[in-house]
Amino acid sequence: MEIESRLFLLVFVMLSIIPVSMIPNSQTNAAIKSYPQLHSLNDIYFPPAAHNISPLKIGDQINPYAYYSSEPAPMGIADYGISPNGPFIRNTSEWYGIVVINGLNAISNGTPWVSFQLNVVLNYQYNGYTYALWVQDVADYNTANNEICFIDNIWNMTSPNASVVGVQGDGGIYTTNSGVSYYAYIAPGFTTLSLPATIQLFVSVSTNSNGQPVIYFWYNDGNRWVNYDVATVTNVFNANNVYFLVNGYTTTGDGHLYDAELVMGGPGGGLCAYIYNASVFFRLYYWNGHNYQEVRNAYNFGSDTAETVNNVDVLTYYYSLYGLYTSGLTSGSGSLSRLWSQDTTTQLTIYTNTYNGYVYVYNESDPYSTAIQYENSIPLSEVSFTGGQVTLTLNPMNYAILVYNQNGQLVGEANIHTYSGENAVTSTTQFSVSVSNPTLAIAVHSTSTVNININAYGTVTINVIGPSSGISYSLSQTQFYVDGSGTATLTINGINTGTYTLIVNATLFPGYYITQAITVNVITLTAPFTLTYTVNGQSLPQSPEVTFSFPNGTVITIPFTSGFTIQVPTGTTYTVQQIIGGNSNVRWATENQVSGIINKPTKISVTYYEQFLITFNYQVINGQWSYSEPSVTYYYFGTPTTASVPTTVWADYNSPYQFSQMITSNSERIIATNYQGTIIFPGSITTNYYIQYYVSVNSSIPIYALINGKNISLTSNWYNGSITINVENITYYPSQLTRDVIIGISPSSTIDLTSPITIVINTITQYYLNISSPMPIYAIINGKNTTLTNNWYNTGTQIKVENITYYPSLHERDIMKSIAPAVQFTINSPINVKVNAIKQYFITVNSIIPVKAYINGSLTYLNSSWINQYTNIGILNYTYYVNSQQRYVILNISPQSFVVKSQVNVNVSTVKQYLVTINNVSTWYNEGSKVLLSANVPIYDVGEFVGTYNVSPGTYITVNSPIDERLVLSPNYVFYGGVSGLITAVLIAVVLLLTRKGKRK
């Protein structure tokens, strides 16, 4: 049966631990300390069964429940990079898992095997691409005979269906039925465990000299640490960002999660193991740069593996002695949930006082002697560190901290109170206690103090053990927080002579304390008493006296010169004379009665003040006093003292005094003139007061007034009663173009001041309007039409300039072309108004035809109109055609060219012409011309002009319109009747002649 079971395991090893996620990385492995087994299950606190935590609502970020939302699932502990405050990223070079098996009974596909998997994702970048390898450090465990073996896998999660290539180690590359290649290795041999047993899995990543990721696989089956495989990614060079990655923001290239998990599942091949009974605990750590720290945000299930378990309940537990969290798996119905988070845990950072070493942190409520017995009971109960710093994830409670150097010597201690969600921080130091006076001598009835100096971090409790009689003692504080160093004060009072021992006990945490002994000698002593004194004023009339009362009851009085010393028994009381009289108006006195007990050398220094008896009084010059009494400040024993007047007091010689300079009641007051001085004689001092009223000047401009004939600037101020104020109406010019004009003075410009008064000055601000215009300007000012001129105008005045053409004469005018700043504006500041205008003259054109002219070089028609001054005009001499048979010819132009500087009359004289066509020959004739229609007509024809006129040749016609005449010829029948016979004879003769010529041939 055992052989079959092992064969079954090997088959599933060859099938591999199938991923639901994969990734690559590696780093140099740090030395790992071998830790003993869990001391006792009684060290684990079991919370109530209802300790389930609801799943996070991730929103658009990664979802830990993407692959598994209920059992069966890989169960144990996992870090998804998700906290109550949102996702986070963690990268590290090392992951460390601890599995404690107290008991386990399971079945998977007919075999008793399960697997414990430390699954992490390796990230690296090469040639601009990011790669993800899934790294598995796996222990396969037979729940029937407690045999265990170890295997590792590496899968490629960079992209869907990606294969592992270029990985070399003690294992080989294998291919799944789906054609995906992965790396795997089986450590040789099986180990049989004795329960309870602790299994430790460890993976690390580094880079070699070629910059290639190197992954180290370790296990500890309870005997020793074994580095059973080293796998190198050989198909990359000079890779960067090589680390194991936990990322709550995103997924790997093939859609799996960047998580770290220590989980239990089936033995391989994606199998599920049914758990009949179980007591298994998981702890998951990462290297934070200084030490191995347990994950701070943990879930009870994994996602990146296909092997699962069923019928388990995974809850949060912690070691009551160490405060370390563990995920506890038992059989039964459970759910997938969060185990703990940064809101429920404490992150404790310890700044140690040694660079390398290890710390032991335990529950402060456990006595030191008990706690150190279990200091090395479970893996990572002692935490090795480097760089002088340790950061731990712990259950919130009060902790004692012990720091050991690399030689195992205790070099620092501290205690700290921690709370949920806190990032607690403390330093450590060697706890030490010293006293300032370990041996002390004090006189009977005297008191002395001893400083208790403490070096520590944390709350320190101090108590003192001593005799119940002979001396008394008290502490300034019995418990206080020490931040590196602190001091408590022990006060000791001698009652009876003798030698006494006090034991000071300072406790940093229960069972960890330091004691110091103080020896107190109470003795009888004499002590010197010296009196020195100074005088503020003239010399004392006699030496002061001191009265002594000795411990035996004797009383004596002795006069002292300054600096005189006398020896008296310790415990003697003394009283120094307070007042030395001169007469009823002069004395020398000390401020207080000087007395005390002499228990050690005593030097007393007193100051005597020469003082005069002074009566302070007052009187009002210009009215009756109706106010509270004035006060006076004088010096009494060198200290300013104030009293109501009138009063009689003792005041220091040659010291200043000062009455109330003024007494105010609403807007009326009394003010003093001779209100201060120096006391040089005893007697009476009187000050004079004047009644004044407050004149409130409400004005936006400076105001001037004649007050009792004197010109002053009138401001809100106090003025003596009964004066006359004549307010002057003076215009105020804050600038050259701005002024404020007084338009009213209330209540009057002349005021007799007999009470407080408010003078209101009403003003209006005016601004100067400067007009720059070649022509008069008209505007509507506040609705009224007027001429706009240079002047002062009230602020707010609205002005609308009218665009009105100005006619200096009948044929001359000025036209407004533009105005700046605007046509319409409001006076709110000084304004310069500039008007641009153009002068025009009326040009009269007398012509019956359109007149063409070059106006400033442009050819256009010139009509009677207004033309701009200095316009250059040249009139064109041209023939105007009414139509093709009528035209006007210009005879004269006057003037023909000119520059417009005044009114001009342009006269154009023309003649009208018509087109006359005779026998298709056209000629232009002035209107009214006489034309002779002549023609040479043969005798045998008759001629007639036909057209506009039907007349015979030789007729004169008048040109009053276009004319078209054509000569028409017709036969002259009269002529043809006379010559017809002649024509016949000629024809006969011709015929006869032609006949004869023919016969000769």
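From a predicted model like this one, the values you see are computed outputs, not experimental measurements.
Aromatic ring orientation, Y185 versus Y228: parallel (interplanar angle below 30°, classes split at 30° and 60°).
When ring centroids are compared, Y512 and Y368 come within the 6.0 Å threshold. For Y276 and Y274, the distance between ring centers is under 6.0 angstrom. If you look at F301 and Y68, their ring centroids are not closer than 6.0 Å. Ring centroid separation for the pair W225 and Y96 comes in under the 6.0 Å cut-off.
When only modelled atom types and interatomic distance are considered, Y286 and Q293 share a side-chain donor-acceptor pair under 3.5 Å. Looking at Y457 and N353, their side chains never bring a donor and an acceptor atom within 3.5 Å of each other. Remark: the N146 side chain and the T192 side chain contain no N/O donor-acceptor pair separated by less than 3.5 Å. For the residue pair E413 / Q430, a side-chain donor-acceptor distance below 3.5 Å is found, with atom types taken as modelled. A side-chain donor-acceptor contact under 3.5 Å links N156 and T158. Defined by atom type and a distance below 3.5 Å, a donor-acceptor pair is present between the side-chain atoms of Q117 and T305. When only modelled atom types and interatomic distance are considered, E375 and Y404 share a side-chain donor-acceptor pair under 3.5 Å. In this model, no donor atom of one side chain and acceptor atom of the other lie less than 3.5 Å apart for Y80 and N247. Side chains of N455 and T429: no donor on one and acceptor on the other come within 3.5 Å. Donor-acceptor pairing under 3.5 Å is lacking for the side chains of N85 and S83. Residues N109 and T111 bring no donor and acceptor atom of their side chains to less than 3.5 Å of each other.
N363 contributes a side-chain N or O that, together with a main-chain N or O of S320, makes up a donor-acceptor pair within less than 3.5 Å. With hydrogens and angles disregarded, a donor-acceptor distance shorter than 3.5 Å links the side chain of E261 to the backbone of S303. D137 places a side-chain N or O within 3.5 Å of a backbone atom of F202 that can act as its donor or acceptor partner. A donor-acceptor contact shorter than 3.5 Å links the side chain of N311 to the backbone of I275. Side-chain N or O atoms of N300 include none that pairs as donor or acceptor with a backbone N or O of L339 at under 3.5 Å.
Side-chain contact between V120 and V203: present, with at least one pair of heavy atoms (C-beta onward) separated by less than 4.5 Å. The shortest distance between side-chain heavy atoms of F116 and I101 falls below 4.5 Å. For the pair Y362 and T370, the minimum side-chain heavy-atom distance is 4.5 Å or more. Here the side chains of T308 and E71 are not in contact, with every heavy-atom distance at 4.5 Å or above. Proximity of E294 to R283: side-chain heavy atoms (C-beta onward) are separated by under 4.5 Å at one or more points. Residues M75 and L336 are in side-chain contact: their nearest non-hydrogen atoms beyond the backbone lie under 4.5 Å apart. Between I401 and L348 there is a side-chain heavy-atom pair separated by less than 4.5 Å. Within the 4.5 Å cutoff, the side chain of R296 has no heavy atoms near those of the F88 side chain.
Shortest non-hydrogen contact noted between V460 and A506 is CG1-CB, 4.2 Å. Contact record, S420 with P396: OG-CG, 3.5 Å, taken as the closest heavy-atom pair. Shown here for G97 and L262, the closest heavy-atom pair between the two residues is CA-CD2, 3.6 Å.
Applying the side chain to side chain contact (heavy atoms under 4.5 Å, CB included) test between T354 and each of N405, N407, T428 identifies N405 as the sole match. If you run side chain to side chain contact (heavy atoms under 4.5 Å, CB included) between L402 and each of V361, I372, V359, only I372 comes through.
Atoms CG and OH, on L245 and Y124 in that order, are 14.0 Å from each other to the nearest 0.5 Å. With rounding to the nearest 0.5 Å, the separation of CG in D140 from CZ in F190 is 8.5 Å. Note that CG of L321 is 4.0 Å distant from OH of Y360, once rounded to the nearest 0.5 Å. From I77, atom CD1 reaches atom CG of L329 across 12.0 Å, with rounding to the nearest 0.5 Å. For the atom pair T345 OG1 and E422 CD, the distance stands at 10.5 Å (nearest 0.5 Å). From T198, atom OG1 reaches atom CG of N102 across 8.5 Å, with rounding to the nearest 0.5 Å.
For Y513, the OH atom counts as loosely surrounded, since its 6.0 Å shell holds 12 or fewer non-hydrogen atoms of other residues, nucleotides or ligands.
Remark: D79 engages R90 in a salt bridge (charged side-chain N to carboxylate O under 4.0 Å, His left out) (not counting sequence neighbours).
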Task: V295 and V246: CA distance, side-chain angles, deciding distance, side-chain contact (heavy atoms from CB on, under 4.5 Å) verdict - done: CA-CA 11 Å; V295 296; V246 173; over 6 Å; no

